[in-house]
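Beneath this line is the structure, given in structure tokens, with notes to follow.
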There are 2 protein chains.
Amino acid sequence: MSLQNTLKALADPIRREILSMLKNGKMSAGDISGHFDVTFASISRHLSVLKEADLIRDTREGKFIFYELNTSVLEEIMLWLTDLKGDVNNDKEE
Amino acid sequence: MSLQNTLKALADPIRREILSMLKNGKMSAGDISGHFDVTFASISRHLSVLKEADLIRDTREGKFIFYELNTSVLEEIMLWLTDLKGDVNNDKEE
DNA sequence: TTAACATTTAACCTAAATGTTAAATGAAGT
DNA sequence: ACTTCATTTAACATTTAGGTTAAATGTTAA
């Protein structure tokens, strides 16, 4: 939702790793969890943080819940960063 | 230094606000602090987090310590985000 | 060197984040 | 309906982050 949520979600290495894994396509919660050294439940919470930040979407397929990247919210961060960097090629400055 | 440090530093609204303020030029710690409703000491710690993340630089001038933006580390985040978004204009994919 | 000012550091407290285990949900197959 | 499998949620412990006040540091000027 907000930049705040998005940045907070990205400020955790496990969550970033999850996002990177999802670049290659959707994965089930179980598959995702298998890549980490923490419990299933812990990953599940990370997934819900990412979901609240709208960085991933989930779809149930039978017994499995698949997660996939949603990169649209990243635009907001990009814009904020660009603004911060002072990129002024949208209008003349001075 | 690391993406981790940078993102963690950006994941706090006060710290982001400080960075935005510094877009207009350098400011002393006191001036920065004056814009917020928390104590001086609290802002000082935020400044040190930003400094460790290399997002700001400080220079002492007499009694004052001035802070200024250092946006170069933002590149790293931009790259990471771009990669995550799957921007593939560097090579043809499929 | 003492005083005054700007800022940081230390010690401490509270709240939030992360991890664990165990119980709960939800779908599928028998 | 019962069992099994995939996943989430709850309850709790531990760690980390952010805030406060008070003491420490560093600079300037008397």
Side-chain angles (χ1 to χ4, degrees), chain A residues 1-22 25-70 73 77, chain B residues 1-22 25-70 73 77:
Chain A
M1 325 246 172
S2 60
L3 186 68
Q4 175 60 27
N5 275 343
T6 314
L7 284 170
K8 196 147 33 173
L10 293 179
D12 180 278
I14 288 187
R15 291 196 287 265
R16 285 199 306 280
E17 181 69 22
I18 290 174
L19 294 177
S20 288
M21 286 166 58
L22 292 177
K26 62 184 182 181
M27 295 176 73
S28 72
D31 278 353
I32 294 170
S33 180
H35 284 73
F36 296 97
D37 216 24
V38 292
T39 57
F40 218 101
S42 182
I43 295 297
S44 183
R45 267 194 331 102
H46 280 302
L47 287 170
S48 80
V49 171
L50 288 170
K51 208 174 107 181
E52 270 179 40
D54 207 27
L55 282 161
I56 57 176
R57 297 264 167 72
D58 62 341
T59 50
R60 173 146 231 154
E61 287 182 28
K63 272 201 283 200
F64 301 87
I65 297 178
F66 283 92
Y67 285 94
E68 65 187 327
L69 259 187
N70 172 33
V73 281
I77 304 181
Chain B
M1 323 248 172
S2 60
L3 187 66
Q4 175 60 27
N5 276 343
T6 314
L7 284 170
K8 194 144 38 169
L10 292 180
D12 179 278
I14 288 188
R15 290 196 287 264
R16 286 199 304 280
E17 180 69 22
I18 290 174
L19 294 177
S20 288
M21 285 166 58
L22 292 177
K26 62 185 182 180
M27 294 174 74
S28 72
D31 278 353
I32 294 169
S33 181
H35 284 73
F36 297 96
D37 216 23
V38 294
T39 57
F40 218 102
S42 182
I43 295 298
S44 182
R45 269 196 327 103
H46 281 304
L47 288 170
S48 81
V49 170
L50 289 169
K51 208 175 108 179
E52 271 178 40
D54 207 27
L55 282 161
I56 56 177
R57 297 263 168 72
D58 63 341
T59 50
R60 174 145 231 152
E61 288 182 28
K63 273 201 285 199
F64 301 88
I65 297 179
F66 283 91
Y67 285 93
E68 64 187 326
L69 259 186
N70 173 32
V73 281
I77 304 181

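Protein chains get the first letters and strands the later ones, always in sequence-line order, with residue 1 at the start of each.
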If you check every side-chain atom of R45(B), which of dG18(D), dT28(D), dT7(D) has the closest atom?
dG18(D)
Using atom CD1 of I43(B) as one end and atom P of dT20(D) as the other, report the distance to the nearest whole Å.
9 Å
Would you say that L50(A) contacts I56(A) through its side chain, given a criterion of any heavy-atom pair below 4.5 Å between the two side chains?
yes
Residue-phosphate contact under 4.0 Å: K63(A) side-chain N/O, dG29(C) OP1/OP2
no
Do any side-chain nitrogens or oxygens of K8(A) fall under 4.0 Å of OP1 or OP2 in dA16(C)?
no
Suppose we define a pair by two distances each less than 3.5 Å, Watson-Crick or G-U wobble; what does dA22(D) pair with here?
dT9(C)
Please check this pair: side chain of R45(A) against backbone of L47(A), looking for a donor-acceptor N/O pair closer than 3.5 Å.
no
Taking the minimum atom-to-atom distance to the side chain of A41(A), which one of dT8(C), dG19(C), dT21(C) wins?
dT21(C)
Using atom CD of Q4(B) as one end and atom P of dT18(C) as the other, report the distance to the nearest whole Å.
10 Å
Can you tell if the side chain of V49(B) reaches within under 4.5 Å of the side chain of N5(B), non-hydrogen atoms only?
no
Under 3.5 Å: donor-acceptor pair, side chain of S42(A), backbone of V38(A):
no
When rounded to whole Å, the CD to C1' distance for the pair E17(B) and dG18(D) reads 17 Å
Partner lookup for dA29(D), please. Criteria are Watson-Crick or G-U wobble with both distances under 3.5 angstrom; report none if nothing qualifies.
dT2(C)
Starting at atom NZ of K51(B), determine the distance to atom C1' of dT7(C), rounded to an integer number of angstrom.
11 Å
Does S28(B) place a side-chain N or O at less than 4.0 Å from the phosphate oxygens OP1/OP2 of dT7(C)?
yes
R60(B) has a side chain; which of dG19(C), dA27(C), dT27(D) sits nearest to it?
dT27(D)
Tell me whether the side-chain N/O atoms of T39(A) come closer than 4.0 Å to OP1 or OP2 in dT20(C).
yes
May I ask you to decide if I65(A)'s main-chain N or O and R60(A)'s side chain share a donor-acceptor pair within less than 3.5 Å?
no
D58(B) has an atom CG; how far is it from atom P of dT27(D), in whole Å?
12 Å
Please report the distance, rounded to the nearest Å, between CD1 in I14(A) and P in dT20(C).
9 Å
To the side chain of I65(A), which of dT9(C), dA17(D), dT8(D) is closest?
dT8(D)
If only side-chain N and O atoms of H46(B) are considered, is one of them under 4.0 Å from the OP1 or OP2 phosphate oxygen of dA17(D)?
no
Separation of dT7(C) atom C1' from D31(B) atom CG, nearest Å, is 13 Å
Looking at dT7(D), dT7(C), dG19(C), which one has an atom nearest to any side-chain atom of Y67(B)?
dT7(C)
Determine the contact category for F36(B): base if any of its heavy atoms lies under 4.0 Å from a base atom, sugar-phosphate if only primed atoms, P, OP1 or OP2 are that close, otherwise nothing.
nothing
